[in-house]
Amino acid sequence: MGLFTRKTPPLVGVDISSTAVKLLQLSQSGGRYRVEHYAVEPLPPNAVVEKNIVEVEAVGEAIRRAVQRSGVRTKFAAAAVAGSSVITKMIPMPADLTEDDLEDQVTVEAAQYIPYPLEEVSLDFEILGPVKDNPDMVNILLAASRTENVDVRQAALNLGGLSAKVVDVEAFAMENAFRLLADQIPSGRDGLVAIIDIGATMTSLNVLRNQRSIYTREQVFGGKQLTDEVMRRYGLSYEEAGLAKRQGGLPESYEIEVLEPFKEAMAQQVSRLLQFFFAGSEFNRVDQVILAGGCSSIAGIQELVEEQMGVPAMIASPVANMSLSPKVQAQALASDAPALMIACGLAMRSFD
């Protein structure tokens, strides 16, 4: 490293979901973030199925288009693997181990928890801090994913003209982005917060306590069910149905016969996910629900969830307090904002 080399190059956050590639690059000055580049590029149906990349070329193509549309100059990216493909474990370890010894010890421990041969696995760990009531021990967070999950994301980024500098876990990217919302929460930033991300095919729950992720779960449910119902009922193609959902133009019966039942189903999914959490933990309520993902933009969903859960709910807008570069369209960004939590959390890795 020379004296005058620039600090680490900025990373562009790339969130690969089942229907779109979301790309976001941030800069930071005086503690405030600014959105420099952003694009959302749709994916062909079934290129990604339940967060698994099936057609790597199609995903790479979409990344390339998003890079061009957004005007991103950097070549370095941060992407994430889904929670369902990651094993995380908290392990207490002696606090006085050297880094090398710690690494060896973590590898030994990992072999007990991971149901695959270690040579097929990408491992990482982070020291979280001292074990409560025992200063001689520290808590280590171990995260492991099959190497193929990591490789296929790297391959898609390479095809799109980017290079993966960081491969994160979606839940940790979500936790990172939560810092942007913490000040908007009436109950305070350190309460028990449930972030529920309702995408096109998957809904994930991430429960945070003191801004740390303590529970994650995913289930198959999302906006594609609404699209499928619109296609079936009104005889539209996948593209037409998606457009009609966003821009209107459907018969009057749509609101009552199709949209309302879907919203009810969505609120039930939120409730079910939280029941799973309550059943396996000491908690029986959360202080705040944050709705994220494309489906949370549906009008009236926030009120419905509040009513059913008896807990304050809000729609995530991680970019609400950011300034925008002249290249970014404010209106498009605002409407995509709830779906940009993971992309934001990944883009923030530039400043770690």
Side-chain angles (χ1 to χ4, degrees), residues 1-14 28 31 74-155 157 163-179 182 189-190 206-216 281 342 345-352:
M1 288 286 281
L3 284 177
F4 302 107
T5 49
R6 278 188 63 238
K7 66 180 182 56
T8 51
L11 297 172
V12 52
V14 181
Q28 192 183 29
T74 180
K75 286 284 171 249
F76 299 112
V81 289
S84 51
S85 64
V86 180
I87 296 162
T88 57
K89 203 83 189 153
M90 188 109 81
I91 312 171
M93 292 266 179
D96 55 3
L97 292 178
T98 67
E99 190 145 324
D100 287 349
D101 289 344
L102 192 58
E103 205 160 301
D104 295 342
Q105 198 61 38
V106 167
T107 309
V108 171
E109 291 283 333
Q112 297 175 38
Y113 297 113
I114 294 163
Y116 315 114
L118 282 188
E119 57 272 16
E120 291 176 18
V121 171
S122 297
L123 273 182
D124 204 357
F125 67 91
E126 186 185 348
I127 301 172
L128 294 181
V131 172
K132 197 174 173 220
D133 305 329
N134 187 351
D136 297 336
M137 302 289 277
V138 287
N139 279 322
I140 304 286
L141 180 68
L142 168 72
S145 180
R146 295 192 71 162
T147 305
E148 64 196 48
N149 294 320
V150 176
D151 289 350
V152 71
R153 274 164 174 72
Q154 289 178 327
L157 287 165
S163 141
K165 271 278 176 264
V166 174
V167 178
D168 205 341
V169 178
E170 285 184 359
F172 299 154
M174 198 64 102
E175 177 186 304
N176 212 19
F178 174 70
R179 305 204 308 254
R189 51 174 53 207
D190 294 333
N206 196 354
V207 181
L208 298 159
R209 187 184 187 192
N210 300 331
Q211 304 184 56
R212 277 276 182 201
S213 194
I214 60 164
Y215 177 89
T216 59
S281 75
I342 290 171
L346 291 171
M348 287 163 73
R349 293 290 181 209
S350 295
F351 314 108
D352 286 354

In Å and rounded to the nearest 0.5 Å, what is the CG to CG distance from L11 to L346?
9.0 Å
Do you know the tightest heavy-atom contact between A177 and M348?
CA-SD, 4.1 Å
Distance from F178 atom CZ to S213 atom OG, nearest 0.5 Å?
11.0 Å
Applying ring pair (Phe, Tyr, Trp, His ring centres under 6.0 Å), name anything that partners F125, two or more places apart in sequence or on another chain.
none
List for me each residue that meets side chain to side chain donor-acceptor pair (under 3.5 Å) alongside T107, sequence neighbours excluded, and say none if there are none.
none
Residues in side chain to side chain contact (heavy atoms under 4.5 Å, CB included) with A79, at least two apart?
L157
Tell me every residue that passes salt bridge (Lys or Arg N to Asp or Glu O under 4.0 Å) with E120, counting only those two or more places apart in sequence or in another chain.
R146
Using residues 89-105 as the side-chain source, report each donor-acceptor pair under 3.5 Å to any protein atom, sequence neighbours left out, with the distance given to one decimal.
| residue | atom | partner | partner atom | Å |
| --- | --- | --- | --- | --- |
| T98 | OG1 | D101 | N | 3.2 |
| T98 | OG1 | D101 | OD2 | 3.3 |

Can you name the salt bridge (Lys or Arg N to Asp or Glu O under 4.0 Å) partners of R153, sequence neighbours left out?
none
Restricting to side chain to side chain contact (heavy atoms under 4.5 Å, CB included), what partner residues turn up for V152, sequence neighbours left out?
I53, V56
Under 3.5 Å, sequence neighbours excluded: what are the donor-acceptor pairs made by side chains of residues 109-118?
none

Partners passing side chain to side chain donor-acceptor pair (under 3.5 Å) against S122 (at least two apart in sequence or in another chain):
T147
Please report the shortest heavy-atom distance between V81 and N149, naming the atom on each side.
CG1-O, 3.9 Å
Rounded to the nearest 0.5 Å, how far does CD1 of I342 lie from CG of N176?
11.5 Å
With E175 via salt bridge (Lys or Arg N to Asp or Glu O under 4.0 Å) - residues at least two apart:
R212
For L141, side chain to side chain contact (heavy atoms under 4.5 Å, CB included) partners two or more places apart:
T88, L128, F172
With sequence neighbours excluded, tell me which residues meet side chain to side chain donor-acceptor pair (under 3.5 Å) with Q211.
D190
Looking at N206 and A171, what are the two nearest heavy atoms and their distance?
ND2-O, 3.0 Å
Heavy-atom nearest pair, Q154 first then A164, reads CG-CB, 3.8 Å
